[in-house]
Amino acid sequence: MDLTLSPSEQAFRDELRAWLEANHPGALPREEQGSFEFRRAWQRRLHDAGWAGISWPERYGGRGASLIEQAIFNEEIVRARTPQLANVLGLAMGGPTVIAHGTEEQRQRYLPPILSADEIWCQGFSEPESGSDLASLKTRATRSGDGWVITGQKVWTTYAQHAKWCMLLARTNPDAPRHQGLSYFLMDMEQEGVQVRPLRQITGEAEFNELFLEQARVPESNIIGGEGNGWAVAITTLMHERATLAFGLQVSVQIALQELVEHAERSPGSNGRAAAADPLVRQRLAQLMIEAEVLRLNAYRGLSATMQGGVPGPEGSLAKWHWSEVNQALTELAMDISGVRALAIEGDGVGDNNWTYRFLRARANSIEGGTTEILKNIVAERVLGLPRMR
Amino acid sequence: MNFQLSDDQRAIKRTARDLLASRYRPETVRELADDERGFTDEQWLELAELGWPGVIVPEADGGLGLGAIELVVIQEEIGYALAPTPLLSTVSAALLLVAAGDQEQRSRWLPSLAAGETRGTVAVWDERSGWAPDGSELESVDGRLTGTKVAVADAASAEFVIVAGADARHSLVRSDDPGAEIAPERSLDPTRKFYTVKLSGACADQLRAGDGERITRAYATIVTAVAAENVGVAQRALEMAVAHAKDRKQFGRAIGSYQAVSHRCAQMLLEVEGARSLCYWAGWALDHDPAVAVRAASMAKAYASDAGFRVTAAALQVHGGIGFTWEHDLHFFLKRAKANGHAFGDGRWHRDRVAELSGI
Ligand SMILES: Cc1cc2nc3c(=O)[nH]c(=O)nc-3n(C[C@H](O)[C@H](O)[C@H](O)COP(=O)(O)OP(=O)(O)OC[C@H]3O[C@@H](n4cnc5c(N)ncnc54)[C@H](O)[C@@H]3O)c2cc1C
């Protein structure tokens with residue numbers, strides 16, 4: 001056991017830190033479209049310097065970095081408080097899925113523009129009738145000439161408004177058992193058969209969308225992993241969503257916690273003292289610090305196990321579930337500390353400088369990327385080996 | 001960066017798991033729970049032969065000179081087996097002697113402690129001080145101590161007691177001192193024997209070399225060891241619950257297929273793994289990263305104190321009525337976890353320490 005970075009890992013971190021410090025793009029513009037273009041430019045700058053998709057093989061534009069280097073990267077990029085990269089879904093899910101299941105041609109075609117943010121990706125899995133029970137989805141793909149025609153509806157599609165490609169899960173064989181009738185497509189969003197309608201969220205923003213597909217066309221060459229194998233490919237996407245994000249998430253919790261302590265020190269509590277002097281607030285802050293440490297340590301333990309065992313296991317479900325609880329508890333404590341001030345939303349009410357916004361945004365944490373209940377099912381069945389629930 | 005135990009550490013863990021499982025079968029634990037002394041000489045000698053009493057005692061003092069992480073690994077297995085043994089008491093006494101004993105005191109006691117020829121224990125809580133482990137107001141006059149210490153583990157079978165006094169001064173009192181009266185308590189946890197130690201002008205050999213920082217670190221090691229024991233206790237309770245949930249059928253199917261049961265088990269896993277991560281980290285930090293070690297130890301103890309109880313209580317719930325019986329083993333686990341949770345500072349006290357050490 002050795003919880004320090006090796007000299008080469010440390011050198012990697014220092015180099016990255018220095019680069020991030022010298023190249024930090026500054027604060028994100030407020031307005032939606034401008035802010036997205038800002039994030040695209042920021043990713044491009046990273047990419048030009050060789051810092052995008054570092055764990056991807058060199059021949060696809062990565063640098064073949066180790067898992068631990070990828071983890072360090074995810075930590076440092078959050079620690080530096082840089083804007084989120086524009087192509088998060090492509091980087092965290094789409095690329096790894098294409099690397100795992102795509103053909104050589106598909107890798108050559110799709111991976112480089114993910115890194116450069118020239119082509120943004122979105123994930124079209126969920127449907128109005130199919131959320132947790134994803135395998136029940138109804139969006140239908142039928143053969144037509146040398147390709148496919150797709151009709152149906154998707155929902156909660158984050159960044160569909162910016163996306164060039166959609167990781168689309170659709171039913172190609174309605175007669176097969178439900179998990180076997182699905183295929184995984186890369187669908188071009190820039191076509192007439194695809195209509196994107198923004199959905200306004202609890203925060204007032206519209207990150208996600210409804211997607212209406214009416215005879216949308218996808219060529220045969222855009223199936224990933226072969227016809228009828230969509231479920232296995234989709235699972236890869238979801239595993240990566242849960243596993244790789246853990247490092248960034250635990251650091252964002254550590255940062256939020258520092259800010260929360262400052263919030264508690266600045267905010268008035270009872271008896272004319274700071275909220276931080278309140279024994280109950282202290283207890284809750286300390287508990288959150290401990291939980292945040294657990295998130296960090298579990299991420300490292302999971303990484304060490306993955307480095308020995310190969311693929312990320314279902315333990316990623318545990319991390320994502322735990323993170324959502326911690327982040328929600330953290331923002332709830334922030335609201336309690338704000339007291340009556342929580343009633344007013346300061347400024348434009350968007351972004352991480354605002355606790356009320358963060359409190360509202362955190363409500364999604366236990367739903368997005370798999371609800372806590374579903375993650376508990378996975379842990380119970382796949383880690384503990386309990387019988388499947390019915 | 002590598003969060004895996006080394007091959008040697010894994011070997012210690014495996015040996016401990018196998019040996020303890022064969023020596024402390026449930027029937028044996030049960031017998032020892034009823035026994036006044038709570039362990040046999042044979043059992044003690046076997047652990048002593050492995051060097052465990054001196055696992056963390058420096059080689060120069062006759063110990064194995066291993067680290068806190070090895071102690072954590074052993075303690076986790078002690079908890080898993082629920083072994084009734086005075087090991088932790090002796091290790092704790094040794095840690096305080098290493099931290100605060102002068103050369104003469106060290107050479108007088110440590111080699112024989114490490115060899116298992118002598119046993120010691122630690123008396124922390126005054127009868128009337130609160131639950132904080134650092135609040136002793138024991139009276140000391142001319143090298144003689146007067147006052148009452150409660151919840152002293154394994155005192156009757158120890159040759160000496162390290163007694164915490166005011167201002168973190170620690171003294172060694174021999175159990176056969178005419179001024180020391182040792183009376184058994186009825187323990188919440190019958191697999192560990194607790195005593196009240198009444199001192200009336202007992203002759204005290206004050207540990208002369210320790211500064212506050214070394215003593216603080218010794219306690220940090222002790223609390224990490226207690227926390228690690230709770231990891232093992234909780235792990236075993238989780239396994240019992242999962243086995244029962246697969247086996248027991250109601251309404252025509254295994255109860256583990258009901259989410260109220262399976263999600264409870266998933267929650268248990270979350271807490272066991274969290275406590276384990278913190279304990280390994282604290283053990284590692286005590287050996288390699290002193291700047292964060294004391295805070296890490298308090299984090300581990302706070303989390304494992306609460307998790308230990310919650311997990312064993314959840315396991316009881318999963319078992320239904322059978323879990324509430326004396327006949328079932330689960331109550332021993334719950335009691336050990338709860339007792340450990342209160343020993344050497346409970347969750348609340350350690351959270352307060354975490355806040356303080358974080359500058360809040
Ligand atoms: C901010 C945000 C962004 C998102 N982005 C995307 C995206 O980009 N692409 C995409 O495809 N999807 C996206 N989603 C959708 C997300 O994956 C789904 O919301 C999620 O899978 C849950 O589906 P649902 O909303 O239909 O809820 P439902 O599945 O209807 O669940 C409702 C409630 O029932 C519970 N429940 C359901 N089944 C079970 C069961 N078997 N056992 C116990 N409880 C159960 C759930 O836990 C939940 O509490 C996003 C969601 C959010 C909130």
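Residue numbers begin at 1 in each chain, while the letters A, B, ... track the order of the sequences. Side chains included, hydrogens not; waters and symmetry mates left out as well; all remaining heavy atoms used. Computed from a predicted model, the values in this text were never measured in an experiment.
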Heaviest contributor of heavy-atom pairs below 4.5 Å to chain B, chosen from A:Gly385, A:Ala71, A:Gly302, is A:Gly385
Chain B interface, residue from A:Val261, A:Asn377, A:Leu295, A:Asp2 that has the most non-hydrogen pairs under 4.5 Å
A:Asp2
Part of residues 266-284 of chain A lying next to chain B, heavy-atom separation under 4.5 Å:
A:Ala276, A:Arg282, A:Gln283
Enumerate by number any residue of residues 369-376 of chain A whose heavy atoms lie under 4.5 Å from heavy atoms of chain B; in the absence of such residues, state 'none'.
A:Glu373, A:Lys376
Is there side-chain contact between A:Ser338 and A:His263, with heavy atoms separated by less than 4.5 Å?
yes
Testing the 3.5 Å rule here: is there a donor-acceptor pair between the side chains of A:Gln328 and A:Asn365?
no
Is it the side chain or the backbone of [X] that comes within 4.5 Å of chain B heavy atoms, both, or neither?
X	answer
A:Glu9	side chain
A:Ile68	side chain
A:Leu285	side chain

Going by residue number, which parts of residues 351-360 of chain B are within reach of chain A, meaning a heavy-atom gap below 4.5 Å?
B:Arg351, B:Asp352, B:Val354, B:Ala355, B:Glu356, B:Ser358, B:Gly359, B:Ile360
Those residues of residues 291-306 of chain B, ordered by number, that approach chain A below 4.5 Å (heavy atom to heavy atom)
B:Arg295, B:Met299, B:Ala302, B:Tyr303
Under the 6.0 Å and 45° cation-pi test, does B:Arg276 pair with B:Trp281?
no
Tell me whether B:Arg236 contacts the main-chain N or O of B:Gly79 through its side chain, where contact means a donor paired with an acceptor under 3.5 Å.
no
Hey, do the aromatic rings of B:Trp284 and A:Tyr300 have their centres closer than 6.0 Å?
no
Check whether the ring centres of A:Phe73 and A:Phe247 lie less than 6.0 Å apart, and answer yes or no.
no
Do NZ/NE/NH1/NH2 and the carboxylate oxygens of A:Glu293 and A:Arg296 come within less than 4.0 Å?
yes
Please flag which part of B:Gln4 lies under 4.5 Å from any non-hydrogen atom of chain A: side chain, backbone, both or neither.
both
Does any heavy atom of chain A fall under 4.5 Å from the side chain of B:Tyr280, the backbone, both, or neither of them?
both
Does atom CD of A:Glu129 have more than 12 heavy-atom neighbours from other groups under 6.0 Å away?
no
Do you know which of B:Gln267, B:His288, B:Gln9, B:His350 has the most heavy-atom pairs under 4.5 Å to chain A?
B:Gln267
Can you tell me how far apart CD (A:Gln10) and CZ (A:Arg17) are? Round to the nearest 0.5 Å.
9.0 Å
Quick one: CZ on B:Arg264 to OH on B:Tyr258, what's the gap to the nearest 0.5 Å?
15.0 Å
